[in-house]
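The block underneath contains the structure these notes are about, expressed in structure tokens.
Hydrogens, waters and symmetry mates are skipped; everything else that's a heavy atom, side chains included, is used. Throughout, protein chains are lettered first and strands after them, A, B, ... in sequence-line order, and every chain is numbered starting at 1. Everything numeric here is computed off the predicted structure, so don't read it as measured data.
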Amino acid sequence: MGSKGKMTDYERRRLENIQRNNEMLAALKVHSKLNDLSAASASASAKRTSGEIKSYKPGSAKKPKIETPLVLRRSLRARGVPPDASTANGLDDDGVIDKQINKSRTMNSNSVPSVSPRKQGPIRMHDSFCGEDGLENKLSELVKGCSENVLLNGNGLISSDSVDVIKGCKSFKIGKKSWGRVEELELKPENIARVVPGRIMSLRFFPTRDMQMVAVGNKFGDIGFWHVNGKDEDGAEIYLYHPHAGPVSGIVIDPFSVSKMYSSCYEGFIRMMSMEKGVFDMVYHSEYCIYSIALSPHDVNSLYFGEGKGGFNKWDVRTGKSSLSCDLHGDRINTIDFNTDTENIMATSSTDGTACIWDLRLMKKEKTTPLKIIKHKRAVHSAYFSPSGKFLATTSYDDKVGLTSGANYESTSMVHHYNQTGRWISTFRGIWGWDDSSIYVGNMKRGVDVISVDEGRLVSTLQSDILSAIPCRFDPHPYNVGVLASATSGGQVYIWTQP
DNA sequence: CGATTGGTTATGATA
DNA sequence: TATCATCCACCAATCG
């Protein structure tokens, strides 16, 4: 792949150093956290109070089986980087790493995945599992037990099995069905859990009616699964895996085959977790960061993802080949979204300050002109089509939520909304619920703001005493209207429900 | 223009 | 309860 303005060698090297360090640190951190927690939970289990928040349970019985070094270095030479390139920065970093490797070897590290997620090729789920012995296969069994709930004809068009379901993929949006007022969504103590350690970057419900399961990806490359209605002795059913070596930028699940889950990572990998095969398969590998990923509702055999500084890729999963690679933006692409109503229409949002609407049929390798450009004054963190496809909601660091409408998306209005998430909170993304009526977006004062489309303003804020951090990432349940998952920078997931 | 630095912000662990 | 370490977002300012 060319160097067309995606990232300089220097940036890449620097990022790699940082990534390498953080992988190490993250591994250590997870070790120590796991150890601490297993100690804590051991003592706490005796006097466990009912008010405690559910949390992932690190395995305590699993044998440490670290054979391979945790850090797999990629040769600089192999990538054409001069050998002296890793001077000041690199050497310092390496010094730190080596010390910590020594330290880590003296640690009693239980329940640590035996493979480095940076390794190419498939990773067995068993090897990246971070839970108790004996539970490695439970998640697969659960997911494989879900029925296939959607029929697909030869053209990739969906014929729904229920009047509730309209076309969709990233989630099956429910049509015009009326439902309770959004202000009435409530938070119950049993619908709170700490699913992963650290900051959550991505969150997704499994698109099935058979159970409520969320998958979340964090900054350390962990993916945690929470079976919300599941029960085990502690009341939480959480499965933690470590398939990536860096922040998990996106998760998408094949709606026609829920045992296929794709995840993208800043480290440049896209993996597909196959419950059937029991592996995190490697689908794609890049030397650039992958910042966003999406599945097309009209063709689930193509993955679309944002790579490096503005790069965009369409990847054919079956042939394992790129079917389109081009530059769409001047900076990272934060989200990719498809219009579920109109085939071939796609929206991207970018840190370059714009969101764009594209016609996939008009896209080509060289410069493609978008159908529409929505301009913000700062980075745009999301651009999502409404369930009907009539609106596009954009969320930007310029403290605006944009609402674009019209037959050709010709009119845009802006609603003020404070979006200064700073460095520690994942950026806000205004999402749609189950109809075109409102947009949900995080609030720095620990709430969920609801913007009414009709009124063009903020109409309410969901709040709760038991919401103890800022909800920054959301996913509405694709089938269960009024079930909204929210995630925080502390690894917690809160699920709002209708009374 | 590319590189670099500094400022901002919330959370969970810890003392 | 207060303090500390975090450091993968973004922007403004500065230097070469």
Practice prompt. Give me the ring orientation class for Trp315(A) and Phe305(A): parallel if the planes are under 30° apart, tilted from 30 to 60°, perpendicular past 60°.
Written response: tilted

Worksheet item: Does a side chain donor of either Tyr241(A) or Glu136(A) reach within less than 3.5 Å of an acceptor in the other side chain?
Response: no

Discussion item. Could you tell me how far apart Tyr288(A) (OH) and dC8(C) (C1') are, to the nearest whole angstrom?
Written reply: 18 Å

Worksheet item: Where the side chain of Arg378(A) is concerned, which of dC7(C), dA12(C), dA9(C) is the nearest nucleotide?
Response: dA12(C)

Discussion item. Output the rounded distance in Å from CZ (Arg473(A)) to P (dA10(B)).
Written reply: 17 Å

Worksheet item: dG12(B) C1' sits how many Å from Ile200(A) CD1, rounded?
Response: 14 Å

Worksheet item: Between the side chains of Asp449(A) and Thr461(A), does any donor sit under 3.5 Å from an acceptor?
Response: yes

Worksheet item: Nearest of dG12(B), dC8(C), dT11(B) to any side-chain atom of Gln492(A)?
Response: dG12(B)

Practice prompt. Assign Thr351(A) to base, sugar-phosphate, or nothing according to its heavy-atom contacts below 4.0 angstrom with the strands shown.
Written response: sugar-phosphate

Worksheet item: Hey, which of these two, Arg423(A) or Gly490(A), hits DNA chain B nearer its 5' end, going by closest nucleotide?
Response: Arg423(A)

Worksheet item: More 5' along DNA chain C: Gly246(A) or Lys377(A), using each one's nearest nucleotide?
Response: Gly246(A)

Worksheet item: Under 5.5 Å between ring centres and under 30° between planes: true for Trp424(A) and the base of dT11(B)?
Response: no

Worksheet item: Which nucleotide, dT11(B), dA9(C), dG12(B), lies nearest any side-chain atom of Arg194(A)?
Response: dG12(B)

Worksheet entry | Spacing of Arg332(A) atom CZ relative to dC10(C) atom C1', expressed in whole Å | 9 Å

Discussion item. Counting only side-chain heavy atoms from C-beta out, which of dC10(C), dT9(B), dT11(B) sits nearest to Met444(A)?
Written reply: dT9(B)

Worksheet item: Which one, dC10(C), dA10(B), dC7(C), comes nearest to the side chain of Lys219(A)?
Response: dC7(C)

Discussion item. Under a plain distance cut-off of 3.5 Å, with no hydrogens placed, do Ser349(A) and Asn334(A) share a side-chain donor-acceptor pair?
Written reply: no

Worksheet item: In whole angstroms, how far is the C1' atom of dA9(C) from the CZ atom of Arg199(A)?
Response: 7 Å

Worksheet entry | Gap between atoms CG and P, on Asp398(A) and dA12(C) respectively (whole Å) | 12 Å

Response to the item:
Rounded to whole Å, the CD-P distance (Gln420(A) to dT9(B)) equals 9 Å

Item to complete: Side chain of Tyr397(A) only, please: which of dC10(C), dG12(B), dC7(C) is the nearest?
Response: dC10(C)

Response to the item:
Rounded to whole Å, CD1 of Ile425(A) lies from P of dT6(C) at a distance of 17 Å

Item to complete: Look at the rings of Phe225(A) and Phe206(A) and say which category their plane angle falls in: under 30° parallel, 30 to 60° tilted, over 60° perpendicular.
Response: tilted

